[in-house]
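Working notes for the structure below.
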Amino acid sequence: MAGRKSSGPWYRDGLAFTCTQCGNCCTGAPGYVWVDEEEIERLAVHRGEQVGDFTRKFVRRVGDDLSLIEKPGGDCVFWDKQTGCTVYPARPRQCQTWPFWPENVETLDDWNQVRVNCPGSGQGRVYSVVEIQSALKKVMK
Ligand code: SF4
């Protein structure tokens, strides 16, 4: 008798991730932390600043989109070597949903590539397919 055909994505049994606070995803090579108006407002409120002031100090335009600025060398402007993310409760969706981004979980190879630089990926708490897909939706919003 033929076995039941399995369905769902390759990570249908879930994927493990527990952040080790290494900061790799917030530091290093230059990149972008995309933000929209809602996220900018949340960050500004968290820091006790006016949205306009916050935007002038910490946001840059990249084409039609907006990103947080970086420190020289590429670290996120809100990353602190001693304390980690200084805006953690208000961090952007992109940061909340790491490592469950579409390009990171498309294939097992993509996921294994993430694991090379992110020691928290592949260990610790197992996220279900539903949780992973909800993170994917959130980051693509
Ligand atoms: S906002 Fe916080 S979590 Fe996001 S990249 Fe910057 S330091 Fe990292």
Side-chain angles (χ1 to χ4, degrees), residues 2-141:
R4 194 161 61 95
K5 207 173 162 196
S6 58
S7 60
W10 67 267
Y11 51 83
R12 57 189 159 274
D13 295 331
L15 291 173
F17 170 69
T18 295
C19 179
T20 64
Q21 309 289 328
C22 73
N24 285 359
C25 59
C26 309
T27 62
Y32 302 104
V33 179
W34 303 113
V35 282
D36 63 16
E37 282 174 19
E38 192 187 311
E39 292 168 302
I40 290 170
E41 189 175 345
R42 193 170 67 228
L43 285 160
V45 168
H46 178 76
R47 289 178 51 89
E49 291 178 307
Q50 297 294 319
V51 171
D53 291 342
F54 177 91
T55 304
R56 268 188 295 283
K57 283 196 283 185
F58 300 118
V59 178
R60 60 186 158 147
R61 182 162 284 284
V62 184
D64 290 339
D65 297 314
L66 300 170
S67 171
L68 297 180
I69 61 166
E70 297 176 320
K71 294 177 183 166
D75 292 5
C76 175
V77 68
F78 295 126
W79 177 257
D80 178 274
K81 274 197 196 85
Q82 261 75 47
T83 58
C85 178
T86 58
V87 295
Y88 192 83
R91 69 198 188 287
R93 277 195 306 273
Q94 179 179 331
C95 314
Q96 289 173 28
T97 53
W98 174 266
F100 303 124
W101 297 353
E103 63 270 39
N104 290 347
V105 299
E106 197 174 340
T107 66
L108 177 58
D109 279 353
D110 294 328
W111 179 245
N112 284 335
Q113 199 52 47
V114 170
R115 294 182 63 188
V116 172
N117 294 317
C118 173
S121 299
Q123 62 110 35
R125 187 187 152 200
V126 176
Y127 287 75
S128 70
V129 178
V130 172
E131 288 176 301
I132 294 165
Q133 288 178 339
S134 141
L136 294 173
K137 270 196 208 125
K138 193 172 176 181
V139 78
M140 291 191 298
K141 195 175 135 193

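Below, each value reflects all heavy atoms present in this structure, side chains not excepted, and no hydrogens, waters or symmetry copies. In each ligand, atom 1 is the first atom listed, and ligand 1 is the first ligand listed.
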| request: In plain terms, say whether Lys57 and Glu49 are close enough for a salt bridge, that is, a side-chain N and a carboxylate O under 4.0 Å apart. | output: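 Yes, charged N to carboxylate O under 4.0 Å.
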| said: Please work out, at 4.0 Å between heavy atoms, whether the side chain, the backbone, both, or neither of Pro92 comes within that distance of ligand 1. | reply: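 Pro92 to ligand 1: side-chain contact only, backbone stays beyond 4.0 Å.
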Near [X], which atoms of ligand 1 are under 4.0 Å from a heavy atom of that residue?
| X | answer |
| --- | --- |
| Cys76 | 1 (S), 5 (S), 6 (Fe), 7 (S) |
| Val87 | 1 (S) |
| Phe78 | 7 (S) |

| Which of these, Leu68, Asp65, Leu66, sits in a side chain to side chain contact (heavy atoms under 4.5 Å, CB included) with Trp34? |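 Output: one option passes, namely Asp65.
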| request: Classify the ring geometry between Phe58 and Phe78 as parallel (under 30°), tilted (30 to 60°) or perpendicular (over 60°). | output: tilted
| request: Name the orientation class of the two ring planes belonging to Phe100 and Trp111 (parallel below 30°, tilted from 30 to 60°, perpendicular beyond 60°). | output: parallel
| query | Do you know the tightest heavy-atom contact between Met140 and Pro102? | reply |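 What the structure gives for the nearest pair is SD-CG, 3.6 Å.
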| request: Could you tell me whether any N, O or S atom belonging to Cys95 is less than 2.8 Å from atom 6 (Fe) of ligand 1? | output: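 Of the N, O and S atoms in Cys95, none lies under 2.8 Å from atom 6 (Fe) of ligand 1, which means no.
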| message | Given the ring of Tyr127, does Arg125 sit roughly above its face, with NZ or CZ under 6.0 Å from the centre of the six-membered ring and within 45° of the axis? | response |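 That pair qualifies as a cation-pi contact.
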| request: Examine all N, O or S atoms of Cys26, backbone included, and report whether one is under 2.8 Å from atom 2 (Fe) of ligand 1. | output: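 Given the 2.8 Å cut-off, Cys26 does not count as a ligand of atom 2 (Fe) of ligand 1.
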| task | Considering only non-hydrogen protein atoms, determine which one is nearest to atom 2 (Fe) of ligand 1 and report residue, atom name and distance to 0.1 Å. | result |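 Going by distance alone, atom 2 (Fe) of ligand 1 is nearest to Cys85 SG, 2.3 Å.
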